[in-house]
Amino acid sequence: MSDEIRRNMPLFSMGTITKLTDLTPRQVRYYEQQDLIRPERTRGNQRLFSFHDVDRLLQIKSLMEKGVNIAGVKEILQDQDRSQDSKRAEQKPRPSKPDLSEEELHKLLKRQLSELSYQPNRGHLISGELSRFFH
DNA sequence: GTTCTCACA
DNA sequence: TGTGAGGA
């Protein structure tokens, strides 16, 4: 599948990425430190992102807007990676697997809330966001 | 002009 | 996470 190659081809600069994702360079670099993405580097040590990276960054952004923290995003993306690997290993076309089931997300968020006993700053926003999960 | 790393009144 | 320094 040459599509994989194109998808992972390093093409975008930091500037392009920030415009594409609306994230700050600071955030993008931080997410890389957290091993959420692994962009290539040029000789000058400049980051080069692929379509794949853009997708992941958008997913990260989306999840965090839902109230998931870095740790949670990590788990979700890890699970995602695992299922992708097993797919390749089994060489199954597409067993059809949604990004993340509502049930999974609820479970994750619930656990996070109990562990963190609400985040100090965004606590209100989160409980607002999550209110529908507990009704 | 951009991006990189490191460090923090 | 933001921001500034200092360099490539």
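Quick note on labels: first sequence line is chain A, next is B, and so on, each numbered from 1.
- Here the P atom of nucleotide dT3(B) and the CZ atom of Phe12(A) are 14 Å apart, to the nearest Å.
- Here the rule is side-chain contact (heavy atoms from CB on, under 4.5 Å) with Tyr31(A), and of Ile70(A), Asp53(A), Leu77(A) only Ile70(A) fits it.
- For the contact set between residues 18-29 of chain A and DNA chain B, defined by any heavy atom under 4.0 Å, the members are Arg29(A).
- By the criterion of side-chain heavy atoms lying less than 4.5 angstrom apart, applied directly or through intervening Ile, Leu, Val, Met, Phe, Trp or Tyr residues, Leu48(A) is not grouped with Leu23(A); the two fall into different hydrophobic clusters.
- Following rounding to the nearest Å, Gln33(A) (CD) and dT1(C) (P) show an atom-to-atom distance of 12 Å.
- Between the CG atom of Leu105(A) and the NZ atom of Lys66(A) there is a distance of 6.0 Å, given to the nearest 0.5 Å.
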Chi angles and distances behind the side chain to side chain contact (heavy atoms under 4.5 Å, CB included) call for Met14(A), Phe49(A): CA-CA 8 Å; Met14(A) 178 58 84; Phe49(A) 304 85; 4.0 Å; yes
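- Among the nucleotides dT5(B), dT1(C), dT2(B), the one closest to any side-chain atom of Gln46(A) is dT2(B).
- Side-chain contact check for Glu32(A) versus Arg38(A): every heavy-atom pair is 4.5 Å or farther apart.
- Within the 4.5 Å cutoff, the side chain of Gln27(A) has no heavy atoms near those of the Lys61(A) side chain.
- The CD atom of Glu40(A) lies 11.0 Å from the CE atom of Met9(A); values are rounded to the nearest 0.5 Å.
- Within the nucleic acid shown, Gly15(A) comes within 4.0 Å of sugar-phosphate atoms alone, with no base atom in reach, counting heavy atoms only.
- To the nearest 0.5 Å, the span separating CG on Leu57(A) from OG1 on Thr21(A) amounts to 5.5 Å.
- Atom-to-atom, NZ of Lys61(A) to C1' of dT1(C) comes out at 16 Å; the value is rounded to the nearest Å.
- The side chain of Tyr31(A) places an N or O atom within less than 4.0 Å of a non-bridging phosphate oxygen (OP1 or OP2) of dT1(C).
- Distance, Arg41(A) CZ to dC4(B) C1': 8 Å, rounded to whole Å.
- Across all strands, Arg43(A) comes closer than 4.0 Å to no nucleic acid atom at all (heavy-atom distances).
- Where Ile70(A) and Gly44(A) each meet DNA chain C at their nearest nucleotide, the meeting point lying more 5' is that of Ile70(A).
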Secondary structure of DNA chain B per the Watson-Crick/G-U criterion (both distances under 3.5 Å; [ ] crossing, | other strand, . unpaired) is .|.|||||.
Salt bridge (charged side-chain N to carboxylate O under 4.0 Å, His left out) evaluation trace for Arg82(A) with Asp85(A): CA-CA 5 Å; Arg82(A) 280 198 296 92; Asp85(A) 289 343; over 6 Å; no
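- Put simply, CD on Glu32(A) is 12 Å from C1' on dT3(B), counting in whole angstrom units.
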